[in-house]
Amino acid sequence: MGGGVGAPQRPAAWSCLSTFQKLNQRRDISSWLIRWFPKAPAKSVVALKTPIKVELVAGKTYRWCVCGRSKKQPFCDGSHFFQRTGLSPLKFKAQETRTVALCTCKATQKAPYCDGTHRSERVQKAEVGSPL
């Protein structure tokens with residue numbers, strides 16, 4: 001079955017060895033994936049304790065920082081990926097051109113918009129850069 005005239009025959013044990021090597025290779029890949037994409041995402045951290053007012057343009061898509069680690073608050077700069085947080089930005093499209101207050105404490109219930117949660121004692125006692 002597999003081999004022409006004069007082709008060497010492989011012992012059955014070689015196929016087991018090949019299967020073992022493939023499984024081991026998968027384990028190496030999964031450990032790499034876990035390092036870069038943790039199963040349990042990190043918690044968001046408080047970026048600031050006050051919202052940022054921003055003029056949104058109708059029809060434009062924005063990426064709001066969920067992790068709190070972006071240096072371009074309230075928008076994402078990719079820090080979540082490079083710091084391996086497992087979090088992703090919230091992508092949203094502005095329905096109309098207007099000025100809005102976007103959350104930077106990352107505790108809002110109306111993401112990406114500020115709902116006043118930053119005034120809570122829990123947020124005000126938290127250190128900037130620490131999780132809630």
Side-chain angles (χ1 to χ4, degrees):
M1 155 174 187
V5 177
Q9 296 296 316
R10 293 186 178 174
W14 283 20
S15 103
C16 289
L17 179 62
S18 173
T19 302
F20 177 74
Q21 287 172 335
K22 286 178 186 175
L23 287 173
N24 198 29
Q25 185 178 23
R26 273 193 211 124
R27 209 173 295 127
D28 291 344
I29 290 170
S30 66
S31 66
W32 177 84
L33 287 171
I34 288 169
R35 217 171 46 240
W36 276 93
F37 304 101
K39 289 181 181 176
K43 289 187 176 187
S44 298
V45 298
V46 176
L48 298 169
K49 295 182 185 181
T50 57
I52 293 179
K53 288 187 179 179
V54 177
E55 183 171 340
L56 301 180
V57 178
K60 186 173 178 184
T61 301
Y62 297 90
R63 294 178 346 144
W64 178 72
C65 171
V66 169
C67 72
R69 293 165 176 86
S70 173
K71 301 292 183 224
K72 296 183 178 185
Q73 289 296 328
F75 301 110
C76 177
D77 68 0
S79 294
H80 66 278
F81 180 76
F82 296 108
Q83 294 183 26
R84 302 178 192 164
T85 65
L87 298 169
S88 297
L90 174 69
K91 190 174 169 182
F92 70 100
K93 186 181 258 187
Q95 300 302 310
E96 59 183 316
T97 299
R98 66 184 179 131
T99 301
V100 297
L102 295 182
C103 175
T104 59
C105 74
K106 310 306 175 187
T108 183
Q109 297 299 306
K110 296 182 179 183
Y113 306 102
C114 173
D115 66 359
T117 306
H118 64 276
R119 292 187 207 108
S120 72
E121 189 176 333
R122 180 174 72 118
V123 174
Q124 289 302 312
K125 284 187 172 182
E127 300 256 345
V128 170
S130 67
L132 288 176

According to a hydrophobic-cluster definition based on side-chain heavy atoms being under 4.5 Å apart (Ile, Leu, Val, Met, Phe, Trp, Tyr only), do V46 and Y113 belong together? no
L132 vs V123 side-chain heavy atoms within contact, under 4.5 Å: yes
Checking S70 side chain against F75 main chain: does a donor-acceptor pair fall under 3.5 Å? yes
Could you walk me through whether R98 and V100 pass the side chain to side chain contact (heavy atoms under 4.5 Å, CB included) check? CA-CA 6 Å; R98 66 184 179 131; V100 297; 3.7 Å; yes
Please say whether more than 12 non-hydrogen atoms of neighbouring residues, nucleotides or ligands are located less than 6.0 Å from CD in E55. yes
Under the criterion side chain to side chain contact (heavy atoms under 4.5 Å, CB included), I'd like the reasoning laid out for C114 against T108: C-alpha separation, chi angles, the key distance, then a yes or no. CA-CA 6 Å; C114 173; T108 183; 5.7 Å; no
Measure the CG-NZ distance between L102 and K53 for me, rounded to the nearest 0.5 Å. 11.5 Å
Donor-acceptor pair, side chain of Q95 and main chain of K93, under 3.5 angstrom: yes
Close side-chain approach of K106 to W64, heavy-atom, < 4.5 Å: yes
Is there a donor-acceptor pair under 3.5 Å between the side chain of R69 and the backbone N or O of C67? yes
Looking at every heavy atom in both H80 and S88, which two are closest together, and how far apart are they? CD2-CA, 4.1 Å
Same hydrophobic cluster for F81 and L87, using side-chain heavy-atom links shorter than 4.5 Å among ILVMFWY? no
Under 3.5 Å: donor-acceptor pair, side chain of T61, backbone of F92: no
Within this structure, what is the NZ-OG1 distance for the pair K110 and T117, rounded to the nearest 0.5 Å? 9.5 Å
From SG (C76) to NZ (K71), nearest 0.5 Å: 12.5 Å
If every non-hydrogen atom of K43 is compared with every non-hydrogen atom of P131, which pair is closest and at what distance? CB-CB, 3.8 Å
List the steps and the verdict of side chain to side chain contact (heavy atoms under 4.5 Å, CB included) for S44 and V66. CA-CA 6 Å; S44 298; V66 169; 3.9 Å; yes
Kindly give the heavy-atom pair with the smallest separation between C65 and Q73, and that separation in Å. SG-NE2, 3.3 Å
Chi angles and distances behind the side chain to side chain contact (heavy atoms under 4.5 Å, CB included) call for C103, H118: CA-CA 8 Å; C103 175; H118 64 276; over 6 Å; no
Backbone N or O of A126 within a donor-acceptor pair of the K49 side chain at under 3.5 Å? yes
Any donor-acceptor pair under 3.5 Å linking the side chain of Y62 with the backbone of V57? yes
Just so I know, are the side chains of P74 and V54 near enough to count as touching, which here means a heavy-atom distance under 4.5 Å? yes
CG of D115 to CD of Q109: how many Å apart, nearest 0.5 Å? 6.5 Å
